Amino acid sequence: VDTIVGFARNSKFDVIVIGSRGLGSPKASYMGSVAHGIVNNSKLPVLVVK
Amino acid sequence: MVKINSGFSNILVCVDNSKQSQKALSRAISVAEKFDSKLSILMVVGESLVNFWDDTEFKVGAENSQIHLKKESTIYQQAEKIINDLAKRVPSQINCVTEILTGDPAKVIVNYSKKKKPDVIIIGSRGLGGFSKLLLGSVSNKVVDHVSSSVLVIR
């Protein structure tokens, strides 16, 4: 999470696009923690793809 | 298998009276222009702002026992003014509808998107009024968790 948020901040992107579920927890009914962390910590708009 | 949906033909943008939602709308407009999408502007009036007895009415057979605001109530008129002002910014070539609902904003947005199945929901990360009342588990967080559409969270 930190890596992505930091990278995005330093590289001046317009938007972050991320899948709602990754390798972390395929069976979790809620969004993966990585996506969650990014949505909450990023200063950029985030597009969560389902 | 995951259904891959690449277009943005239906956009739902959730607004309130905040700067954030203005940004969300601007973004929604530029996306809608690119993809020739249908735009729905949804405003949710927080439960706490509504006088239940005076301002609302039940509609028989309404889905999810949605409470409807009376059109003549002050709060509805205020909301209507805000949403109409926002809608004025939408270029005329974009097909745009507006809707005002009341209730818990996150729940209402989730239910609405279940019904309308937009391809993407555009929402500000934090708003005013009804939106910011919910501190930690903010509306956008809940929405991101519970809808089956993609969500673009604007900052």
Side-chain angles (χ1 to χ4, degrees), chain A, chain B residues 1-8 10-14 19-32 34-35 37 106 109-110 113-114 116-127 132 134-155:
Chain A
V1 174
D2 289 346
T3 316
I4 297 174
V5 172
F7 176 70
R9 188 181 296 139
N10 296 331
S11 314
K12 299 199 169 65
F13 290 112
D14 292 332
V15 65
I16 301 174
V17 181
I18 189 168
S20 63
R21 215 157 291 150
L23 296 169
S25 56
K27 279 181 182 164
S29 56
Y30 291 144
M31 200 169 73
S33 55
V34 174
H36 238 304
I38 290 172
V39 168
N40 288 325
N41 293 316
S42 160
K43 296 275 183 293
L44 298 168
V46 182
L47 174 59
V48 180
V49 177
K50 303 245 173 155
Chain B
M1 258 310 277
V2 185
K3 194 179 130 231
I4 307 284
N5 190 348
S6 53
F8 289 143
N10 270 301
I11 300 175
L12 171 64
V13 54
C14 306
K19 268 235 169 77
Q20 283 266 340
S21 58
Q22 309 240 356
K23 272 162 108 182
L25 181 68
S26 316
R27 203 59 80 106
I29 291 171
S30 47
V31 176
K34 281 243 165 62
F35 292 92
S37 347
I109 295 168
V110 170
S113 63
K114 269 184 193 150
K116 304 276 170 165
K117 300 201 171 33
D119 297 310
V120 64
I121 301 173
I122 302 184
I123 189 170
S125 63
R126 185 166 293 180
S132 66
L134 301 142
L135 284 174
L136 205 72
S138 77
V139 174
S140 52
N141 251 334
K142 283 191 198 161
V143 170
V144 167
D145 266 349
H146 293 283
V147 297
S148 48
S149 316
S150 299
V151 183
L152 175 58
V153 181
I154 301 294
R155 289 242 147 56

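Proteins get letters first, then strands, A, B, ... in listed order; numbering begins at 1 in each. All figures in this text were calculated on a predicted structure; none of them were measured in a lab.
In this view, A/S11 and A/F7, A/F13 satisfy the side-chain contact (heavy atoms from CB on, under 4.5 Å) rule, not counting sequence neighbours. The side-chain contact (heavy atoms from CB on, under 4.5 Å) test applied to B/A24 returns B/V13, B/I122, B/I154, not counting sequence neighbours.
Heavy atoms from other residues, nucleotides or ligands lying under 6.0 Å from CG of A/D14 number 12 at most.
At a 4.5 Å heavy-atom cutoff, the contact between A/V15 and chain B is made by side-chain atoms alone.
Across B/R155 and A/S42, no two heavy atoms sit closer than the pair CD-O, 3.0 Å.
Options B/L152, B/V147, B/I121 differ in how many heavy-atom pairs under 4.5 Å they form with chain A, and the most are formed by B/L152.
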* Output, in order, the C-alpha distance, side-chain angles, deciding distance and verdict of side chain to side chain contact (heavy atoms under 4.5 Å, CB included) for A/L47 and B/S150. => CA-CA 7 Å; A/L47 174 59; B/S150 299; 4.2 Å; yes
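Side-chain contact between A/H36 and B/V144 is absent, with no heavy-atom pair separated by less than 4.5 Å.
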